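For clarity, every value in this text was computed on a predicted model and none was experimentally measured. Reminder, nothing fancy here: chain letters follow the sequence lines and each chain counts from 1.
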Amino acid sequence: MTRKVEDFAPIDPKDVQIYLCGPTVYDRAHLGNARPVVVFDVLNRLLRHVYGADHVTYVRNFTDVDDKINATALARREAGASGTLEELIAARTEETIAWYHADMDALGAARPDHEPRATAYIGAMIKMIAGLIAAGHAYAKDGHVLFRVRSYSEYGRLSGRSVDDMIAGARVEVAPYKEDPMDFVLWKPSDGELPGWDSPWGRGRPGWHIECSAMSYELLGDSFDIHGGGIDLQFPHHENEVAQSCCAHPTGEFARYWVHNEMLQVEGKKMSKSLGNFFTVRDLLDQGVPGEVIRFVFLQTHYSKPMDWTAEKARQAEATLRKWRALVAGIEPAPSAAPSVIAALVDDVNTAGAIAALHALTDPAELKASAALLGLLEDGMGNWAKGDDVDPSALSALSARLAALRATAMETKDFAPVDAMKQALLAAGVEVRMSKAGVELLAGPGFDATKLEGL
RNA sequence: GGCGAGUUGGCGGAGUGGUGACGCAGCGGAUUGCAAAUCCGUGUACAGGAGUUCGAUUCUCCUACUCGCCUCCA
């Protein structure tokens, strides 16, 4: 809350509680959506390392009340899909959640302990809103309920703004039902075409901000340790959460520490559909970029700095991971991570510093144990680096032939046949190593088995 | 207009008030039939200006530039 890096001290070391704002489940997660997930995954691993695996509670919500979901469902119905609107919405959210899980799993991000859905907490939200009205922090008007921003003197503290400055910016929505232009919606009416729930203010649906306040309260209580998300959520989303929660539960502190990650760029530019550089995690995975590589690229940049996704970084990350994977293959991890790596992570989750420390390690067992804190070099994620779609006998047969050719060439001094075969192997993405000891063939990054046919 | 983040060698990036990490690429050498891989060696980088200091890339201020938020957005 101080907008500075602070030493972390949990409320209860036996139960450290962290909450990450999860996705609105209307479509595939884009690359930027994955950044806070990876950041929190490392934070989660670190906290479990420090406080014990059973002493951390990680909550990440699914926002499944949203007009974009409604719009998708409506579009599907108009396209002839059968079922009620509610069923179509449910189908869309279920589908998106399954995608999300698959994509984040591919990045090696452990699932949170709780993944609450907004639709399951409508009652809690209504209760909270009613409490805010009773306390004078909110008011109902024309089927809407609005939070009275001027009733919370601390408003703007989290994001470093003042209400008056923001009014001066004059970009806030003016609506007849608002007492003050800064007031924001807690509840809004739904017409027959939109999902809605009965409430004391009529049939409607919650505003976006209230869900995290209600769910974190139900699952973690009125005070918890760390809350996070993208920096773009800092205002207004998180500022509003703070206001709601602190006014609804005056004895609590809501979140005591905040972790906001900076935005993601692609090749130096903001990722946007209009620039044509917009892509999802699944797009990258489908292109053959391993999840572990994506993760490594993310962790090379500190979470508080803008991160630039480039093809060159992905290439370098892949090369580094291949090297390390070869180093730790078949090695049992050391009992604990290297102190240098832990020290980096403990310093404001300095993942880039941790990777730097990883480069300095010489003991493979220690490298493996240390990388695990970052979710790297883990056994379940390494299949991409093995080239396991290669038939080893095919390569060994080829290497025997190449060795024979070479032996002949040594005699005749005519190396043309050897070079021809070598070129063909290189073209197929095979790494060719010839030394006095013999010939060794390895499937390289761009290995293509079909090109081996005819050799 | 308001608020904020950033600017380190060809690229990525760590870190520090005082002997200039590390990775990739490059270059030189060893090795090799040639390569690859490997090994050895190699680079007077800290946006600009002013200030504090014995000394600043590291602290303070100013300027420039880049980026983001203020509206759905991670």
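Considering only side-chain atoms of A/Thr24, the nucleotide from B/C67, B/A74, B/C22 that sits closest is B/A74. Taking only side-chain atoms of A/Gln316, from C-beta outward, the nucleotide of B/A74, B/G23, B/A35 with the closest atom is B/G23. Of the candidate nucleotides B/A37, B/G33, B/G13, B/G13 has the atom lying nearest to any side-chain atom of A/Thr301. With B/G33, B/A14, B/G23 as the candidates, the nucleotide lying closest to the side chain of A/Thr320 is B/G23.
Across all strands shown, nothing is found opposite B/U53 as a Watson-Crick or G-U wobble partner with both distances under 3.5 Å. Applying the Watson-Crick and G-U wobble criteria (two distances, each under 3.5 Å), B/G10 pairs with B/C24.
Judged as a ring pair (Phe, Tyr, Trp, His ring centres under 6.0 Å), and not counting sequence neighbours, A/His49 has no contacts. Considering only residues two or more places apart in sequence or on other chains, A/Asp225 meets the salt bridge (charged side-chain N to carboxylate O under 4.0 Å, His left out) condition with none of them.
A donor-acceptor contact under 3.5 Å is formed by the side chain of A/His30 with the base of B/A74. Under 3.5 Å, the side chain of A/Lys313 and the base of B/C11 form no donor-acceptor pair of N or O atoms. Residue A/Asp419 places a side-chain atom within donor-acceptor reach of the base of B/G33, judged by atom type and a 3.5 Å distance cut-off alone.
Nucleotides B/U19 and B/C46 place their P atoms 14 Å apart, quoted to the nearest Å.
The nearest heavy atom of RNA chain B to A/Met434 and to A/Tyr26 marks one nucleotide each, and the one closer to the 5' end goes with A/Met434.
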